[in-house]
2 protein chains.
Amino acid sequence: MPHHVSCNDCSLSPICLPLAVAPAQLDELDRIIYRGRPLKRGEHLFRAADDFQSVYAVRSGALKTYVLSDDGEEQVTGFYLPGEILGMDGISTAHHVSNARALETATVCEIPFGRLESLSQKIPSLQHHFFSLMSNEIRADRELHMLLSKKSADDRLAALLLSLSARNQRRGLSKSTFRLPMSRYDIANYLGLAVETVSRIFTRFQQSGWLRVEGRDVEILDRASLCGQERGAMEADL
Amino acid sequence: MPHHVSCNDCSLSPICLPLAVAPAQLDELDRIIYRGRPLKRGEHLFRAADDFQSVYAVRSGALKTYVLSDDGEEQVTGFYLPGEILGMDGISTAHHVSNARALETATVCEIPFGRLESLSQKIPSLQHHFFSLMSNEIRADRELHMLLSKKSADDRLAALLLSLSARNQRRGLSKSTFRLPMSRYDIANYLGLAVETVSRIFTRFQQSGWLRVEGRDVEILDRASLCGQERGAMEADL
DNA sequence: CGGCTGATTGATTGTGCTCAATCAGTGTGG
DNA sequence: CCACACTGATTGAGCACAATCAATCAGCCG
């Protein structure tokens, strides 16, 4: 049973929930967590309208969350990499409001939310950490709000690449070379662009020498220029 | 001292924090809350980089939150009406990441977050309610994400008007006639549009007979059409 | 092989931005 | 008191960025 790794043995514990729990109490957290079978690419972890029971920590692979509009259109709302928590948008409604689907083979730790709340009553640092996590989510959404409402298509893609790079680095992986877990469609959808636009920007970035792209493999060659791109295009004419 | 209204006497208690606290324990919550002097229009409640100490409940008036991009541009990230909580995006960083400014004369209840956390350790329903509040915030941001990335300018304005209408109704006020607390500039900024576009849509909605607009006073005449607008424009050609 | 999905590139169109002028309301100072 | 400036809102004309439509290509699997 390879998927019964305890938090103690998990390499992600420094960036996951355990970072908020003293070693002595880690067992208590560990005991409430379910480790399910791996999800295959395309499989759903939960769907909108499912009863909300748990939040989930990604252990390996990657997932996306999305909502469907009234007219059936999909809107990708987030990408989740190892060490990150998803499913928190269902707390207030007792049912999930978004769908979560594996972008590639993925394993997750299921954390029953009722039990997590109980545990948070006993471990103040865990309560605080969870407030922080949700606060972070809100803050990231504000950044995204800015991105979608003010920034050009180029800025948006640059910002996403830099975000993925930073999150890779946080996990101790390369910040310059990585593989995109999601398709061009998902990138475009998430950023509010057309697939064609995303594709064009990738080639443009590559022609500028800022990036090396081959399918889903990306290498960041000129981080500074990407950052500048993301800060807005008006500096160009200075 | 007109601004020392206890939660017990506050007309907003059914929709504000007290709804999560049993009457017997309401005094405990009440004791940790500061009621400051009213803010004048344009005054800041907090600024980005201020130490994060508290979250705030709006008692009267209205506020907006906004962030500044690296190039100094303002992005309005939210509007807050009586009974609503703001400032939750600062929890994880120990300092605020957004600015909050009064759109009109406003009074707020300051809730020191450290004390709220302590109290949440004792009152599970308060902890749960606060998780719910943040979850709601996240959910609203996902809706906004969809709005900004997929919907037309008309859809966006319709959605904002319907949101304000619903929030007015929640406070026991008219859902069809109300006054916009924010300028056209703020509306445009929030929705990722140009002021001119917002202005044009207002007149178009009025010409269609869906709305009566006079400056900041709005009357919703045809809610169904506005909803349809918000659901997407493709139904038009059926 | 042929059919399929995902990605790239090209040509054209359209929504909403930019620039610009006007207007109403409000407060200011001579 | 009125002229003036100033801000916020509205309306018009032209343009640009990204969407749409369309074709091609690469990889994958039956």
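Treat the numbers as computed from the prediction; the structure is a model and nothing was measured. Proteins get letters first, then strands, A, B, ... in listed order; numbering begins at 1 in each.
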Atom-pair distance ([atom1] on [X]; [atom2] on [N]), nearest Å:
X	N	atom1	atom2	answer
Asp217(B)	dA24(C)	CG	C1'	16 Å
Glu214(B)	dG8(D)	CD	P	19 Å
Leu147(A)	dA18(D)	CG	P	12 Å

Checklist entry - Is atom CZ of Arg41(B) surrounded by more than 12 heavy atoms (other residues, nucleotides or ligands) closer than 6.0 Å? => result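 Counting other residues, nucleotides and ligands, CZ of Arg41(B) stays at 12 neighbours or fewer.
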Checklist entry - Step by step, would you call Tyr80(B) with Tyr56(B) a ring pair (Phe, Tyr, Trp, His ring centres under 6.0 Å)? => result CA-CA 10 Å; Tyr80(B) 294 85; Tyr56(B) 302 87; over 10 Å; no
Checklist entry - Between the side chains of Ser176(A) and Glu219(A), does any donor sit under 3.5 Å from an acceptor? => result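 Checked: Ser176(A)/Glu219(A) side chains show no N/O donor-acceptor pair below 3.5 Å.
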Checklist entry - Can Arg139(A) and Ser135(A) be counted as having a side-chain donor-acceptor contact under 3.5 angstrom? => result no
Item to check | Salt bridge present between Arg142(A) and Asp141(B) (N-O < 4.0 angstrom) | outcome: yes
Next on the checklist: I'd like to compare against my own output: the B/S/- annotation of nucleotides 4-20 of chain C with a strict under-4.0 Å heavy-atom distance to protein.
Outcome noted: ---SBBBB----SSBBB
Next on the checklist: For nucleotides 23-30 of chain D, give me one character per nucleotide, 5' to 3': B if any protein heavy atom sits under 4.0 Å from the base, S if the only such contacts are to the sugar-phosphate, - if neither.
Outcome noted: --------
Checklist entry - Do Glu84(B) and Arg167(B) have side-chain heavy atoms sitting under 4.5 Å apart? => result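 Counting from C-beta outward, Glu84(B) and Arg167(B) do come under 4.5 Å.
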Next on the checklist: Would you say the rings of Phe52(A) and His95(A) are close, in the sense that their centroids are separated by under 6.0 Å?
Outcome noted: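 Here the rings of Phe52(A) and His95(A) have centres that are no less than 6.0 Å from each other.
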Next on the checklist: Could you report the tightest heavy-atom contact between His145(B) and Tyr190(A), atom names first, then the distance?
Outcome noted: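 Where His145(B) meets Tyr190(A) most closely, the heavy atoms are NE2-O, 2.8 Å.
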